[in-house]
Protein chains: 4
Amino acid sequence: MENTKIPVAVLGATGAVGQRFVQLLASHPWFELQALLASERSAGQRYADVCRWIIPGDPPPDVGKIPVISHSPFFSSSSSEPSLPVRVVFSALPSDVAREVEPRFARAGYVVCSNASAFRYDPDVPLLIPEVNADHVALVERQRNRYGSGFIVTSPNCTTTGLVFPLKPLDDAFGVRKVFAVTMQAVSGAGHPGVSSLDILGNIVPYIRGEEEKIEQETRLLLGRIVDGQRIEANVVISAQANRVPVLDGHTVCMSLAFERRPTVEEALAALNDFRPQPIIQELPSAPERPLLVRTEPDRPQPRRDRDAEAGMAVSVGRVRSCPLLDLRMLSVVHNTLRGAASGSILNAELLVAQGYVER
Amino acid sequence: MENTKIPVAVLGATGAVGQRFVQLLASHPWFELQALLASERSAGQRYADVCRWIIPGDPPPDVGKIPVISHSPFFSSSSSEPSLPVRVVFSALPSDVAREVEPRFARAGYVVCSNASAFRYDPDVPLLIPEVNADHVALVERQRNRYGSGFIVTSPNCTTTGLVFPLKPLDDAFGVRKVFAVTMQAVSGAGHPGVSSLDILGNIVPYIRGEEEKIEQETRLLLGRIVDGQRIEANVVISAQANRVPVLDGHTVCMSLAFERRPTVEEALAALNDFRPQPIIQELPSAPERPLLVRTEPDRPQPRRDRDAEAGMAVSVGRVRSCPLLDLRMLSVVHNTLRGAASGSILNAELLVAQGYVER
Amino acid sequence: MENTKIPVAVLGATGAVGQRFVQLLASHPWFELQALLASERSAGQRYADVCRWIIPGDPPPDVGKIPVISHSPFFSSSSSEPSLPVRVVFSALPSDVAREVEPRFARAGYVVCSNASAFRYDPDVPLLIPEVNADHVALVERQRNRYGSGFIVTSPNCTTTGLVFPLKPLDDAFGVRKVFAVTMQAVSGAGHPGVSSLDILGNIVPYIRGEEEKIEQETRLLLGRIVDGQRIEANVVISAQANRVPVLDGHTVCMSLAFERRPTVEEALAALNDFRPQPIIQELPSAPERPLLVRTEPDRPQPRRDRDAEAGMAVSVGRVRSCPLLDLRMLSVVHNTLRGAASGSILNAELLVAQGYVER
Amino acid sequence: MENTKIPVAVLGATGAVGQRFVQLLASHPWFELQALLASERSAGQRYADVCRWIIPGDPPPDVGKIPVISHSPFFSSSSSEPSLPVRVVFSALPSDVAREVEPRFARAGYVVCSNASAFRYDPDVPLLIPEVNADHVALVERQRNRYGSGFIVTSPNCTTTGLVFPLKPLDDAFGVRKVFAVTMQAVSGAGHPGVSSLDILGNIVPYIRGEEEKIEQETRLLLGRIVDGQRIEANVVISAQANRVPVLDGHTVCMSLAFERRPTVEEALAALNDFRPQPIIQELPSAPERPLLVRTEPDRPQPRRDRDAEAGMAVSVGRVRSCPLLDLRMLSVVHNTLRGAASGSILNAELLVAQGYVER
């Protein structure tokens with residue numbers, strides 16, 4: 001398949017999530033990184049020279065030589081139209097820039113796989129996790145009027161991803177109705193420089209702007225159904241409390257759940273253990289063998305020890321036990337910059353290829 | 001009052017909580033430290049020579065010279081009877097040792113103010129926070145049969161203390177019925193050496209043995225009432241999830257509450273702000289001016305920044321807001337080794353003095 | 001003395017060091033905080049409203065009400081002349097701003113006690129630690145031509161302070177000739193937001209811009225002599241390597257020293273233990289009882305456990321032992337934002353008052 | 001080669017370094033894990049049931065089923081002789097146990113590749129890093145008298161490894177004569193539970209028992225020469241200061257060096273960059289492509305970002321610059337539990353196979 005790789009670009013390539021995209025795409029079996037976009041001040045220079053690499057390892061040598069292109073000409077107020085030799089554009093843009101730039105790319109015919117929150121709540125834009133709601137891709141048909149052949153697909157907030165993975169099989173089997181979620185989120189979720197060490201060393205910051213609302217809203221969308229081509233939110237009441245903790249990578253969510261039909265702990269464990277995505281998804285190159293791992297030790301999952309399971313693509317769940325107030329308590333851990341960000345968006349793009357939304 | 005100080009001893013004086021007792025009692029206006037007890041292997045040596053001081057500062061110079069006494073002869077299986085020139089004994093013993101040793105001291109006529117969990121759930125033993133349930137002291141009358149003039153009073157688990165402080169005024173005003181609590185607990189709560197750095201650096205450990213049960217049970221006891229000399233547990237359903245986090249001191253509790261009469265956020269804030277203990281308590285030497293501080297910033301309280309409020313004796317509460325599932329969400333921070341341990345027990349002893357249970 | 005307090009101002013009052021100045025000056029026996037200056041965007045608003053308080057505790061209530069004044073009109077390019085009802089100005093300005101603003105204040109007749117590096121190396125400006133080189137104050141006479149009655153006095157880099165305290169008595173007794181210094185510096189030394197948590201959590205950053213040069217240069221100045229009114233640098237060769245570590249407060253310096261006359265470990269310990277400042281300094285309100293504490297445990301001093309000694313004003317030294325290469329090895333710990341910054345500058349101002357350079 | 005794998009055992013298989021051995025050997029191309037030994041209380045149980053897995057990932061599934069054997073019968077005081085179906089024994093034993101047990105295995109004809117310090121300083125036992133002193137293997141001939149066909153080979157202290165890698169090419173080219181080394185060592189170097197979180201969170205502990213002596217002594221041995229079958233220590237004066245820091249993995253060494261012939265920075269960089277091991281070593285399965293990586297950024301290497309280079313087998317060096325006191329300053333980072341422990345010992349065993357000291 002080497003000679004038929006699909007050319008792709010990364011928007012916001014120099015930030016923390018952008019670097020993850022670059023790292024993952026540099027050796028991807030289906031995609032070939034052809035263009036790197038960033039803000040005006042990096043434009044024209046080699047990627048390796050303008051990007052202060054902050055994730056583990058070094059920038060891929062070949063990619064380091066690519067000259068960075070400015071995305072500034074593609075703000076909505078301008079008249080420039082993107083013209084890049086690529087078919088798919090991965091976006092790691094800040095949300096306010098994404099709101100300007102992503103529609104320009106969609107309108108110019110590109111498929112935009114975005115990690116930004118700008119269009120997550122648009123009724124015509126899929127908020128997508130392949131193993132959870134692959135059928136939501138159909139929403140892109142509703143973008144034809146606006147964008148023609150291009151369209152936008154989004155991946156959810158990193159914490160929502162860690163919450164919704166255990167919810168999905170439990171919802172299918174027992175009907176999730178109420179969710180309490182308290183999160184303990186890694187600093188990498190805030191990007192670089194992001195959280196000041198003076199604020200977080202040996203401390204907890206019990207507030208992340210907008211996070212609780214995102215978790216509550218996105219969970220309802222991800223568990224929603226497509227009816228007559230429209231997305232219907234799931235009927236779940238969610239209460240989220242978000243905290244920043246001195247952990248590098250890996251978001252932890254403590255949750256308590258009530259169901260339509262209360263399962264026993266054993267029934268819940270069986271549903272979690274039996275969770276398997278559809279075959280079309282299992283064969284995607286970035287799909288983990290098991291997207292949901294059930295830990296049985298009393299003190300797992302833990303962010304540092306479980307975030308890297310299945311190359312950071314598996315969510316781990318554990319401590320499944322009854323709850324004095326609702327039905328069940330448990331907790332999950334997700335790698336927030338892999339499954340919860342760059343790898344998640346790449347898996348979305350792979351699904352689009354497998355479903356024929358992107359031509360090989 | 002210098003010449004009428006009450007002589008006291010510390011059991012388990014070399015451990016982390018024991019060191020806090022020693023530090024606080026070395027300059028106490030009412031109490032005078034006369035004896036330090038620890039395990040056999042320290043016996044006979046000077047406190048400064050056997051105690052590896054791990055809390056801030058240095059051991060008080062005068063106390064360092066006191067020779068340590070073994071508490072081993074006072075295990076229940078032995079026949080030795082404690083005979084120390086003190087009236088009050090503060091216990092920082094591990095729970096299994098406390099179960100053996102504390103009754104021997106009570107039976108020998110001493111007042112035991114214990115920080116151990118061994119007798120917290122005994123129906124005749126007060127589980128006491130002066131500002132919350134000072135009237136529970138009356139339970140000591142029920143110990144007369146067993147112990148004669150001596151008795152045991154306990155202070156609650158450190159995390160429970162942080163939870164119950166905001167609950168108390170809200171319960172008085174609106175009737176707390178349901179409590180969700182997710183905790184993020186400091187490593188000092190596990191003593192020294194306690195939590196291995198290999199387990200907790202950059203990590204969360206989502207399990208603390210027995211902690212969730214303690215929080216659930218002790219909260220019901222602390223909010224309970226004394227009826228006809230007996231303690232009746234409060235009718236509150238509590239669901240706790242306990243986590244260890246890489247924070248040195250200060251336990252954080254995220255909570256969500258349902259009430260008999262749902263208050264508005266403003267009404268809840270007013271109740272929290274208006275909380276004042278009885279005058280007899282306000283005048284105790286270790287009592288904070290305000291035992292409950294309401295923070296109004298969006299990102300407070302934080303353990304590192306708020307644990308030391310009022311010399312570590314005030315609990316801070318903040319982010320009081322409505323909850324999509326129950327009525328209100330909020331969080332609290334408590335200094336776990338001061339208010340939640342040594343200082344709490346000392347305040348209990350002060351209350352006993354003020355109420356005449358301990359003679360001056 | 002209440003009614004004769006000397007009115008003072010703080011430049012750069014909203015930053016991390018500025019907050020320390022405000023905290024310390026709010027209850028100072030000699031000084032009264034009358035004016036707070038910060039950048040243009042804070043001007044006119046109440047201090048409590050514009051200052052995001054990041055150090056422990058809360059802003060002093062009375063100070064919180066003071067309206068902030070902009071220091072922008074006092075850049076050298078402007079013609080405004082400072083006119084504040086104060087005699088002493090404490091500067092916590094960034095160095096580039098200090099270079100512009102501090103001379104304007106000196107020229108307008110104020111005494112500037114600066115924590116910035118801008119004028120530390122000026123031959124006419126004392127780089128001052130009272131216990132180390134109080135006689136260097138005489139250099140201010142050389143500023144008369146430039147500034148008239150006003151003048152600038154600086155305090156050294158925070159790490160240099162931790163290094164030079166043990167050097168001083170050893171230099172007096174044995175003549176320090178060579179110094180190896182490897183530092184492990186707390187994140188608070190970089191201010192707020194300063195060091196990104198993504199860079200320092202569970203990591204070491206072996207580089208701090210300009211730091212090694214400052215340490216090498218300032219140590220020679222502090223150990224220098226005043227000859228005929230001029231400062232002669234000490235003849236010491238210094239090699240410094242600076243590292244940032246995940247510690248909140250407290251800089252640690254591992255050092256190895258060669259002397260003109262090699263002392264035994266015992267002689268060195270005696271010199272360190274015997275170090276006492278002149279009586280005039282011992283009576284200053286911020287002076288510690290003992291500015292240099294010698295620890296004898298094998299594993300002390302440690303930044304978290306020793307930084308707060310004597311209200312953060314004492315430097316701790318320990319592990320004094322022979323060196324296979326030079327003469328002696330040892331290490332020291334200093335509280336970088338107290339002794340090494342705000343408290344140090346306040347002590348300088350107190351010395352100026354005691355010496356009559358500032359009128360009461 | 002599958003069917004000719006060499007059967008091996010791990011001594012001390014349940015500890016932190018033992019787990020690394022197990023993880024690495026489970027998929028080794030030359031070695032096949034056949035036996036796991038640990039203390040008496042684990043004996044007879046399945047490895048997965050007795051080993052609390054603390055390193056990333058999970059125990060290899062097949063290995064988990066192996067029943068653990070007690071090493072207690074092989075203490076020197078006993079008469080049991082080891083009889084295991086293996087040829088090579090990797091030792092992760094504590095030093096005091098290693099001193100008893102390792103000679104018993106050597107005497108019984110096994111090749112012992114030890115990570116313990118017990119026999120590192122024995123003149124007949126190679127202290128070995130293949131890229132540094134492969135010719136020291138010859139010392140095993142001197143063990144024939146004692147042990148017959150079996151023998152012991154040791155790997156150095158983890159910190160020494162990080163120090164000696166940059167020293168080796170510089171010594172070859174310019175003759176290292178003096179070394180200052182200040183270390184900042186990760187907590188994993190102390191094993192599990194090892195360092196208490198109460199001691200190291202937000203702190204530095206400036207002392208590691210015996211570490212400085214090991215670094216000084218082992219460096220002289222590793223840089224020594226074999227003359228007439230005997231090891232002659234290198235003529236280098238070394239002064240080490242060891243610190244524990246809140247870093248999970250990765251030891252950092254700040255060093256300053258003096259040479260027989262002072263190189264320029266460029267000459268030193270060239271020597272470091274040109275360092276290549278002999279071809280026989282480059283072809284060993286665990287050998288990194290480049291054992292020494294030179295970083296040119298001003299703030300690298302860093303333990304968290306550079307420890308994993310080349311699967312944790314490359315040492316990184318950077319900040320090569322002149323020194324005001326000696327000739328050059330620089331720093332290095334090594335992964336202490338991979339290159340500095342388990343992987344290092346495995347590479348030693350591979351060298352023994354390649355050199356014919358172990359039969360395939």
> Mind checking what makes side chain to side chain contact (heavy atoms under 4.5 Å, CB included) contact with B:Ala287, not counting sequence neighbours?
Replying inline: B:Leu284, B:Leu347

> Side chain, backbone, both or neither: which part of B:Leu248 has a non-hydrogen atom closer than 4.5 Å to chain C?
Replying inline: side chain

Could you list each N or O donor-acceptor pair linking chain C to chain B at a distance under 3.5 Å?
| unit_1 | atom_1 | unit_2 | atom_2 | d |
| --- | --- | --- | --- | --- |
| C:Ile54 | O | B:Arg305 | NE | 3.1 |
| C:Ile54 | O | B:Arg305 | NH2 | 3.4 |
| C:Asp58 | OD1 | B:Arg295 | NH1 | 3.1 |
| C:Asp58 | OD1 | B:Arg295 | NH2 | 2.7 |
| C:Asp58 | OD2 | B:Arg295 | NH1 | 3.2 |
| C:Arg295 | NH1 | B:Asp58 | OD1 | 3.1 |
| C:Arg295 | NH1 | B:Asp58 | OD2 | 3.2 |
| C:Arg295 | NH2 | B:Asp58 | OD1 | 2.7 |
| C:Arg305 | NE | B:Ile54 | O | 3.1 |
| C:Arg305 | NH2 | B:Ile54 | O | 3.4 |

> ring pair (Phe, Tyr, Trp, His ring centres under 6.0 Å) with B:Phe21: which residues, sequence neighbours excluded?
Replying inline: B:Phe90

>> My understanding is that only residues two or more places apart in sequence, or in another chain, count here; which of them pass side chain to side chain contact (heavy atoms under 4.5 Å, CB included) with C:Ala26?
In response: C:Pro60, C:Val63

